[in-house]
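What follows is a single structure, written as structure tokens, with notes after it.
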Amino acid sequence: MSTKTGRIKQMDKDKAVTFIRIAVYMRLSKTDETMQEESNSISMQRILIRKYIASHFAEYEVMEYQDNGFPGTNFNRPGVQRLLEDARNEKFDCVVVKDFSRFGRDYMEVGSYLEQIFPFLGIRFISINDHYDSGSSQGNTTDLDVNFKNLLYDLYSKDLSQKVKTSLRARKEGGQYVSGNAPFGYEKALNDRHMLIICEDEAAVVREIFALALQGMTSSQTAKKLNLENVPTPVEFKIRKGKTSRKPKGDKFYWSSSTICSILRNPVYAGDVEYGKTEREQVGGRNVLKARAEWKMIRNHHAPIIAREDFEEVQKSRGESSQKVRKSRHPLIGRAVCGCCKRNLSVKMGLNPYFTCHNRYVTGLEGCVSKVNVMFLEQAVLFRLEEYLESQNLAAEASQRRRDDLAGKRDELLLDLRQAEREYDRLKQQHYERYQLYSLGKQTKFKSLHTEMEKQQKVICGLQGQVIQVEEQIAMAEPEKFVPEDDVLLTSETMEQYIDSIVVSNEEEIEIRWKEL
């Protein structure tokens, strides 16, 4: 255990002062920005903390850590993770924050760091607004006060999240556009950032795309036409207006058929706005896409770029093409790639089906695959696959039995691990409920379950270590190689098992890249 409380810096022969390394942590969430809480801004936190440090420490060195736009409901933040890593490496002696909520709003996690982790590392923790200093706090009264505040922050965070969610839903239902970015063809009004107005230079491109669709052009043909005419892409419009600084992966940005499709099916160009597409199951969780039937729409929300009848006509034609019966997926699809641009080849069906590079019709690159007969490519791949399998050795039966035994052991460990994790969750919930009842005055005593939780955590860590060891042993054991008893067939399963990719330049230049068995 580390017991450092600072470094002694020799000032002269008779006088020495404590030199302390201080880690300053600041956090600003998107909620703070939305609610315009100036007191929580990074600059205001920095001023408050720096002033406190200057008045309470004589000799010190300050390191700053911050997270901008991250919620405090969990510790999956780059700034706080860097701080915790430096704490483990003993790079500072003290942590200073504005208040506990800046460090985190989950009272269980914050309490663990204050009561166990930081004391174990010999790190002093100071929360200015909460008047908390672990270097001078004594007795249970302060500890209970800290725990109670952390509980309130935890409950406040969940309540605030619900309020923000309700507020945003009310704004959307009230006709306000609350998305951070305006769609291509629009910009936000200067006097009302919740309203969309037409951006004429971009809208001209949108109108051309819809006009070409009404003339019967496919999305690929439209993309190729725009590329040949050097029409700026949406991201290039943003770059010219100083809204982004992205760089293309190749020589330039290209229009793609997927971009054209997304524009053609977006009802925003007919003056409508869709919302309520996703939902978040819990605070700090991920957004989940809802069923399309549950989406909501505000019609005539803003000025349209495309006449409604034209937009609906385009949707009809696109709907007809999407309802065509799809044939079974060819097993080489997703494996066969163009030797020029490295994009996946597609199949053109007919009397003489062939593989071709779709990118050839979008970018106009002459080096991309034009036509490779499907039957020829199948026979070429099949012939090389048979040769490849013949060159492979059978794995020893003992090796396979070894893998089976290890797999069985791993499965048993995983069952034990899941049971241990469920027990830890039960203890954590019981600890939370006990403290909640105590903090609300419904119980006169609070019995902590931290000791039991620590023991259970050690059990979990031990089982996790055993699972990792067994997994490594399985990975090192040579797997049994498949040698077909009958003729080899070109199936998706065969491709998945043996072939990584098939690089096709033409019928004379075909390179098969095998997976390691």
Side-chain angles (χ1 to χ4, degrees), residues 183-186 196 198-237 252-274 292 295 297 299-300 302-330 333-334 336 338 340-341 343-374:
F184 180 65
Y186 287 96
L196 295 177
I198 295 176
C199 180
E200 286 300 335
D201 55 346
E202 297 178 6
V205 180
V206 174
R207 294 189 185 99
E208 181 180 1
I209 291 172
F210 273 89
L212 294 174
L214 289 170
Q215 293 171 20
M217 267 199 180
T218 65
S219 56
S220 298
Q221 292 170 337
T222 301
K224 182 177 181 180
K225 184 176 188 300
L226 297 180
N227 286 325
L228 293 175
E229 294 176 356
N230 291 319
V231 176
T233 61
V235 69
E236 287 177 304
F237 274 102
K252 61 173 292 186
F253 291 100
Y254 285 102
W255 285 92
S256 65
S257 58
S258 60
T259 302
I260 302 299
C261 288
S262 65
I263 290 175
L264 290 175
R265 62 171 172 256
N266 194 340
V268 74
Y269 298 113
D272 304 334
V273 168
E274 287 179 328
R292 192 174 182 86
W295 295 4
M297 176 181 288
R299 295 176 68 87
N300 302 316
H302 52 268
I305 294 177
I306 304 301
R308 186 172 297 280
E309 54 270 22
D310 290 340
F311 180 82
E312 292 175 351
E313 185 64 29
V314 169
Q315 305 316 303
K316 289 179 183 179
S317 61
R318 296 184 67 77
E320 291 172 359
S321 62
S322 65
Q323 292 171 4
K324 291 180 180 179
V325 177
R326 292 182 178 269
K327 297 187 177 181
S328 59
R329 180 182 175 88
H330 193 282
I333 290 296
C338 176
C340 177
C341 67
R343 299 289 183 90
N344 289 341
L345 298 181
S346 57
V347 175
K348 296 294 183 181
M349 303 306 295
L351 294 177
N352 294 298
Y354 60 90
F355 283 94
T356 185
C357 180
H358 182 73
N359 211 32
R360 179 185 182 91
Y361 304 100
V362 175
T363 64
L365 295 175
E366 295 298 327
C368 290
V369 174
S370 175
K371 286 186 179 181
V372 172
N373 185 273
V374 168

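Numbers here are sequence positions counted from 1. Only a predicted model underlies this, so the values are computations on that prediction, with no experimental measurement involved.
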- Query: Atom CZ in F311, atom NZ in K316: separation rounded to 0.5 Å?
  - Reply: 12.5 Å
- Side chains of F210 and L264: closer than 4.5 Å at any heavy-atom pair? yes
- Look up atom OG1 in T222 and atom CG in N227, then write down how far apart they are to the nearest 0.5 Å. 11.0 Å
- Just by distance, do the side chain of N266 and the backbone of S262 share a donor-acceptor pair under 3.5 Å? no
- Query: Is any side-chain heavy atom of Y254 less than 4.5 Å from a side-chain heavy atom of T259?
  - Reply: no
- Item | C368 versus C338, closest heavy-atom pair with distance | CA-SG, 3.6 Å
- CE of M217 to NZ of K224, rounded to nearest 0.5 Å, is 10.0 Å
- Message: Tell me the closest heavy-atom pair linking V231 and W255, and the distance in Å.
- Response: O-NE1, 2.9 Å
- Taken to the nearest 0.5 Å, the spacing of I305 CD1 from C199 SG works out to 8.5 Å
- Message: side-chain contact (heavy atoms from CB on, under 4.5 Å) for I260 and L226? Distances and angles first, verdict last.
- Response: CA-CA 10 Å; I260 302 299; L226 297 180; 3.9 Å; yes
- Task: Would you check if V205 and P232 make a side-chain contact, meaning some heavy-atom pair closer than 4.5 Å?
- Result: no
- In Å, rounded to the nearest 0.5 Å, how long is the span from NE2 of H358 to CG of N344? 12.0 Å
- Can you see which heavy atom on V268 is nearest to which on Y186, and at what distance? O-OH, 3.3 Å
- For the residue pair F184 and F237, categorise the inter-ring angle as parallel (less than 30°), tilted (30 to 60°) or perpendicular (more than 60°). tilted
- Going by heavy atoms in the side chains, are V372 and Y354 under 4.5 Å from each other? no
- Task: Work out which heavy atom in Q315 is nearest to a heavy atom in R265; give both atom names and the distance.
- Result: OE1-CA, 3.7 Å
- Note on the structure: Shortest non-hydrogen pair, I198 vs R207, comes out as CG2-NH2, 4.4 Å
- Would you confirm whether D272, through its side chain, and N300, through its main-chain N or O, come within 3.5 Å as a donor-acceptor pair? yes
- Item | A204 backbone acceptor or donor facing E208 side chain under 3.5 Å | no
- Side chains of C340 and C357: does their closest heavy-atom pair fall under 4.5 Å? no
- Note: R343 and N359 closest approach over all heavy atoms is NH1-OD1, 3.7 Å
- Distance col, row E313:CD vs I306:CD1, nearest 0.5 angstrom, shows 13.5 Å
- Query: Do L212 and Q215 touch side chain to side chain, with heavy atoms closer than 4.5 Å?
  - Reply: yes
